[in-house]
**Student:** 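Attaching a single structure in structure tokens format; questions to follow.
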Amino acid sequence: SADDVYTDSSKPDKSMRSSAYIKVSSETNGFLKFDISELKEKSTSHSYIVLYPSRLRKGGEMSLYEYPHLWEEKTLTFANTDAFGDKITTFKTDYAEVVNYIDVTSFVNKALASGKTELSFVIKSEGADVDFVTKETTLKSFRPSLILEGVGLKEREKKISSFDYSNYDVVMKRKKTPNDTFVPTP
């Protein structure tokens, strides 16, 4: 991501930009921004936001909204946050350390068709309390990212996405040690 930050209602004037995580809870909202200015095509077959939950205090649903306002990581606070845009989707996070792929294909294609050069999102908790890894992590593969598949193809033209797990069986893996619980793998 180009920028990622969270805002905290208990600290309304403080910027949370230097944090190693994006906290999403009943008091906090996460913000993501992606630069798509170099993309010349006007559509993708599939588009996903990828988030890695490093800590889960309470699993549950979250909503992803467009954030149609200009913002900077170093100055965004709860106090200066504007109204959210349209709700894009809802997703669920029930496990820490299991990657989330959030389908944003229709939203991305509308943005590309209208000539947008930047995509901005806000994540709002619907009961969950989760910390997602930020771009500041040293683990590059866990950073928030926007995956665009089939660039230049019509929406859903590529029949099966590499990240569409609806046709897969849920496979369980042990978290870290033999005494840890099993969790589904993506």
Side-chain angles (χ1 to χ4, degrees), residues 1-40 42 44 47-58 60-93 96-97 99-148:
S1 65
D3 281 319
D4 51 36
V5 68
Y6 73 93
T7 60
D8 189 335
S9 62
S10 69
K11 301 171 187 162
D13 296 316
K14 182 173 178 168
S15 170
M16 309 306 272
R17 72 182 176 98
S18 61
S19 180
Y21 55 88
I22 304 165
K23 183 175 176 145
V24 179
S25 70
S26 59
E27 288 103 27
T28 60
N29 296 313
F31 291 80
L32 300 168
K33 187 175 8 176
F34 298 96
D35 179 358
I36 57 169
S37 60
E38 305 232 348
L39 194 60
K40 303 303 176 218
K42 299 297 181 195
T44 68
S47 303
Y48 300 91
I49 291 178
V50 181
L51 295 172
Y52 185 79
S54 61
R55 184 171 176 196
L56 180 82
R57 283 172 292 284
K58 182 180 176 193
E61 287 197 357
M62 286 170 260
S63 294
L64 185 72
Y65 292 85
E66 174 185 17
Y67 192 67
H69 311 287
L70 296 175
W71 61 277
E72 296 298 324
E73 193 176 56
K74 62 185 174 192
T75 58
L76 188 67
T77 66
F78 185 83
N80 67 16
T81 302
D82 293 310
F84 301 166
D86 293 335
K87 185 184 215 178
I88 299 167
T89 192
T90 301
F91 65 99
K92 197 169 185 178
T93 299
E97 301 176 351
V99 178
N100 286 248
Y101 293 92
I102 305 156
D103 190 335
V104 292
T105 306
S106 293
F107 175 79
V108 168
N109 284 337
K110 286 177 192 166
L112 289 171
S114 69
K116 287 191 178 184
T117 59
E118 191 172 87
L119 301 177
S120 186
F121 303 93
V122 61
I123 308 164
K124 180 178 177 10
S125 172
E126 304 294 342
D129 190 348
V130 180
D131 292 349
F132 293 104
V133 172
T134 66
K135 68 177 182 174
E136 283 77 23
T137 185
T138 57
L139 306 169
K140 290 181 181 182
S141 60
F142 294 137
R143 293 176 180 166
S145 56
L146 177 66
I147 294 176
L148 306 175

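What you are looking at is a predicted structure, and each value in this text was computed from that prediction instead of being measured.
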**Student:** From T134 OG1 over to M16 CE, what is the distance, rounded to the nearest 0.5 angstrom?
**Tutor:**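 Separation between the atoms: 12.5 Å.
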**Student:** Hey, are the side chains of V5 and K74 touching, using non-hydrogen atoms and a 4.5 Å cut-off?
**Tutor:**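 When only atoms from C-beta onward are counted, K74 and V5 do not touch, as no gap falls below 4.5 Å.
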**Student:** Could you grab the distance from atom CD1 of I36 to atom CG of L112, nearest 0.5 Å is fine?
**Tutor:**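 The distance works out to 4.5 Å.
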**Student:** Ignoring hydrogens, what is the shortest heavy-atom contact between K135 and P144? Give both atom names and the distance.
**Tutor:**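 Heavy atoms of K135 and P144 come nearest at N-CD, 3.6 Å.
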**Student:** Taking all atoms of both residues into account, what is the closest heavy-atom pair of S15 and T75, and its distance?
**Tutor:**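 Taking S15 first and T75 second, the nearest heavy atoms are OG-N, 4.4 Å.
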**Student:** Do you know which two heavy atoms are closest between I22 and V133, and how far apart they sit?
**Tutor:**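 Closest approach of I22 to V133: CD1-O, 4.2 Å.
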**Student:** Under the criterion side-chain contact (heavy atoms from CB on, under 4.5 Å), I'd like the reasoning laid out for L119 against F107: C-alpha separation, chi angles, the key distance, then a yes or no.
**Tutor:** CA-CA 9 Å; L119 301 177; F107 175 79; 3.9 Å; yes
**Student:** Is the shortest heavy-atom distance from the side chain of Y67 to the side chain of D82 under 4.5 Å?
**Tutor:**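 Contact flag for Y67/D82 side chains = yes.
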**Student:** Under a 4.5 Å cut-off applied to non-hydrogen side-chain atoms, are K33 and E72 in contact?
**Tutor:**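 Contact flag for K33/E72 side chains = yes.
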**Student:** Do the non-hydrogen side-chain atoms of I123 and F91 ever get within less than 4.5 Å of each other?
**Tutor:**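 In contact.
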**Student:** Classify the angle between the aromatic ring planes of Y6 and Y21 as parallel (below 30°), tilted (30 to 60°) or perpendicular (above 60°).
**Tutor:**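 Geometry flag for Y21 against Y6: parallel rings.
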**Student:** Do D4 and F132 have side chains that get closer than 4.5 Å, going by heavy atoms?
**Tutor:**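 Of all side-chain heavy-atom pairs linking F132 with D4, none is under 4.5 Å.
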**Student:** Would you name the heavy atoms of G85 and P68 that are closest together and state the gap between them?
**Tutor:**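 Minimum heavy-atom separation between G85 and P68: N-CD, 3.6 Å.
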**Student:** Please check if atom NZ in K92 has more than 12 non-hydrogen atoms from other residues, nucleotides or ligands closer than 6.0 Å.
**Tutor:**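 Atom NZ in K92 is not packed in, count stays at 12 or less.
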**Student:** Could you check whether any side-chain heavy atom of I147 comes within less than 4.5 Å of a side-chain heavy atom of Y101, counting everything from C-beta outward?
**Tutor:**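 A side-chain contact under 4.5 Å exists here.
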**Student:** Should K110 and E66 count as an ion pair when the cut-off is N to O under 4.0 Å?
**Tutor:**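 Salt bridge between K110 and E66, a charged N being under 4.0 Å from a carboxylate O: no.
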**Student:** Could you tell me the separation between the NZ atom of K124 and the NZ atom of K87, rounded to the nearest 0.5 Å?
**Tutor:**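 That separation rounds to 9.5 Å.
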**Student:** What distance separates L76 CG from L70 CG, expressed to the nearest 0.5 Å?
**Tutor:**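 Between atom CG of L76 and atom CG of L70 there are 11.5 Å.
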**Student:** Is there a side-chain contact (heavy atoms from CB on, under 4.5 Å) between I102 and L51? Walk through the geometry before answering.
**Tutor:** CA-CA 8 Å; I102 305 156; L51 295 172; 3.7 Å; yes
**Student:** Checking side-chain contact (heavy atoms from CB on, under 4.5 Å) for the pair L146/L32: CA distance, chi angles, key distance, verdict?
**Tutor:** CA-CA 10 Å; L146 177 66; L32 300 168; over 6 Å; no
**Student:** Closest heavy-atom contact between E136 and E73?
**Tutor:**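 The answer is OE2-OE2, 3.8 Å.
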**Student:** Kindly indicate, with the supporting measurements, whether the criterion side-chain contact (heavy atoms from CB on, under 4.5 Å) is fulfilled by R57 and D131.
**Tutor:** CA-CA 8 Å; R57 283 172 292 284; D131 292 349; 2.6 Å; yes
**Student:** Would you mind checking if R55 and D129 are paired as a salt bridge, meaning a charged N to carboxylate O distance below 4.0 Å?
**Tutor:**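 No.
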**Student:** So do L39 and L148 actually touch side chain to side chain, heavy atoms under 4.5 Å?
**Tutor:**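 Sidechains of L39 and L148: in contact.
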**Student:** May I ask you to test the E27-D8 pair for a side-chain heavy-atom distance under 4.5 Å?
**Tutor:**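 Yes, at least one pair of side-chain atoms sits under 4.5 Å.
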**Student:** I need the S145 OG to F34 CZ distance, nearest 0.5 Å.
**Tutor:**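 Going from OG on S145 over to CZ on F34, the span is 6.5 Å.
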**Student:** So F84 and Y65, would you call those rings parallel, tilted or perpendicular, with 30° and 60° as cut-offs?
**Tutor:**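 The rings of F84 and Y65 sit tilted, inter-plane angle from 30° to 60°.
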**Student:** If you measure only the distance, is there a donor-acceptor pair under 3.5 Å linking the side chains of E61 and T90?
**Tutor:**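 No pair is found: no donor N or O on one side chain lies under 3.5 Å from an acceptor on the other.
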**Student:** Quick one: pull up CG in N109 and OG in S114 and give me the separation to the nearest 0.5 Å.
**Tutor:**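 OG of S114 is found 10.5 Å from CG of N109.
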**Student:** Looking at every non-hydrogen atom in both residues, tell me the closest pair between T81 and T77 and how far apart they are.
**Tutor:**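 The pair with the smallest heavy-atom distance is OG1-O, 2.6 Å.
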